[in-house]
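Remember, predicted model here, so these are calculated numbers, not experimental data. Reminder, nothing fancy here: chain letters follow the sequence lines and each chain counts from 1.
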Amino acid sequence: MTTTANAAPAAPAALHTAVIEWFDEHARDLPWRRPEAGAWGVMVSEFMLQQTPVARVLPVYEQWLARWPRPADLAAEPPGEAVRAWGRLGYPRRALRLHGAAVAIAERHGGDVPHDHAKLLALPGVGEYTAAAVASFAYGRRHAVLDTNVRRVFARAVSGVQYPPTATTAAERRLARALLPEDEATAARWAASTMELGALVCTARAPACGRCPVAAQCAWRLAGSPAHDGPPRRGQTYAGTDRQVRGKLLAVLREAAGPVPQAALDAVWDEPVQRARALDGLVADGLAEPLADGMYRLPQG
DNA sequence: AAAACGTGGCA
DNA sequence: TTGCCAAGTTT
């Protein structure tokens with residue numbers, strides 16, 4: 001048994017109450033939180049929200065659910081249609097995986113999004129976070145839901161540091177489990193509340209501590225809001241990378257009604273080696289399909 | 001376990 | 001303008 005500075009507070013009940021009451025008052029009215037969204041709506045939103053801001057997801061989510069109101073509706077379409085409808089949300093492999101998840105749900109789960117965490121985790125594109133989020137938000141199950149918002153809230157309020165580690169640690173999972181309310185319905189509420197607090201108040205750059213329901217108990221505040229120490233937090237350049245080239249190539253395929261000639265793809269990037277590598281990558285990932293005559297299209301099968 | 005994987009808004 | 005940041009997953 002190792003003792004750490006990250007031990008749960010003696011009386012987490014006060015923390016639960018404060019955050020959940022704040023949520024009841026301030027939660028955004030998002031479409032995937034409405035009862036009519038259902039588990040499929042929750043799952044679609046979770047895929048789209050991976051690394052993508054709410055404001056950009058909103059319109060695509062609405063179109064998606066209107067077109068494919070149930071998993072089987074999406075499963076009946078070619079994967080390329082999912083990629084096209086994904087639009088400019090970014091990370092288009094998510095569209096492919098969401099389509100794959102819909103196929104699996106239709107084939108193995110009778111068309112219904114599974115309740116069970118392990119079964120969710122087995123779906124393409126569903127990792128630890130998304131499985132917990134769907135089980136918790138859609139079905140009210142008791143799971144530690146550890147996304148970037150929750151990790152930041154816990155890092156500050158409980159651990160007393162400005163930012164969590166780069167990658168999720170065992171200590172964070174332990175802490176999240178320790179903090180989880182016993183009661184199932186309360187646990188699900190807590191998951192949504194802590195996430196919303198991180199998104200709206202305990203933000204990365206400029207936390208609005210004046211509006212925070214737990215500012216008085218926040219370990220980071222109590223420590224004088226010390227600045228992050230350790231290595232710089234990120235550093236992903238984009239311009240000139242294969243990712244940028246892939247994005248440009250896929251945009252051409254997405255916006256075309258049918259197959260596209262090689263020349264149309266060649267036009268988006270002048271460096272031939274990198275361009276070829278990017279296109280090969282798209283094909284390898286199943287995002288593009290080469291045809292016999294040198295044409296390319298979104299995946300049909 | 002580090003690195004790849006899109007895109008756009010904001011300070 | 002540049003860099004940070006946004007409800008992660010996969011290999």
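- Of the candidates C:dA7, C:dT9, B:dG6, C:dA7 carries the atom nearest the A:Met195 side chain, counting heavy atoms from C-beta on.
- Among residues two or more places apart in sequence or in another chain, the side chain to side chain contact (heavy atoms under 4.5 Å, CB included) test is passed with A:His115 by A:Tyr139, A:Arg141.
- Inspection of the A:Arg243 and A:Tyr91 side chains reveals an N or O donor paired with an N or O acceptor under 3.5 Å.
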Would you list the atom pairs, donor with acceptor, under 3.5 Å between side chains in residues 73-80 of chain A and any protein atom, with sequence neighbours excluded?
residue: A:Asp73; atom: OD1; partner: A:Arg70; partner atom: NH2; Å: 2.8
residue: A:Asp73; atom: OD2; partner: A:Arg70; partner atom: N; Å: 2.8
residue: A:Asp73; atom: OD2; partner: A:Arg70; partner atom: NE; Å: 3.2
residue: A:Glu77; atom: OE2; partner: A:Trp68; partner atom: NE1; Å: 3.1

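- In this structure, A:Trp86 reaches neither bases nor backbone, as no heavy-atom distance under 4.0 Å exists between it and the strands shown.
- For the P atoms, the distance linking C:dA7 with B:dA11 amounts to 15 Å, nearest Å.
- The residue among A:Thr148 and A:Val126 whose nearest nucleotide of DNA chain C is located toward the 5' end is A:Thr148.
- Contact annotation for A:Leu30: base contact, defined as any heavy-atom pair under 4.0 Å involving a base atom.
- Nucleotides C:dT11 and B:dG6 have their P atoms positioned 14 Å apart, rounded to a whole Å.
- With hydrogens and angles left out, the side-chain atoms of A:Arg94 and A:Thr52 include a donor and acceptor closer than 3.5 Å.
- A salt bridge is absent between A:Asp183 and A:Arg142: the closest approach of a Lys/Arg side-chain nitrogen to an acidic carboxylate oxygen does not fall below 4.0 angstrom.
- Rounded to a whole Å, the OH atom of A:Tyr163 is 8 Å from the P atom of C:dA6.
- Within 4.0 Å of A:Gly90, counting heavy atoms only, lies at least one base atom of the nucleic acid.
- Looking at heavy-atom distances under 4.0 Å, A:Arg246 makes contact with sugar-phosphate atoms alone, never a base.
- Using a 4.0 Å heavy-atom cutoff across all strands shown, A:Arg152 reaches sugar-phosphate atoms only and no base atom.
- Scanning atom types as modelled, one donor and one acceptor separated by under 3.5 angstrom connect the side chain of A:Arg56 and the base of B:dT7.
- Nucleic acid contact class of A:Glu128 (heavy atoms, under 4.0 Å, all strands): sugar-phosphate only.
- A:Ala133 comes within 4.0 angstrom of nothing in the nucleic acid, heavy atoms only.
- A:Leu89 comes within contact range of at least one nucleobase, with a heavy-atom separation under 4.0 Å.
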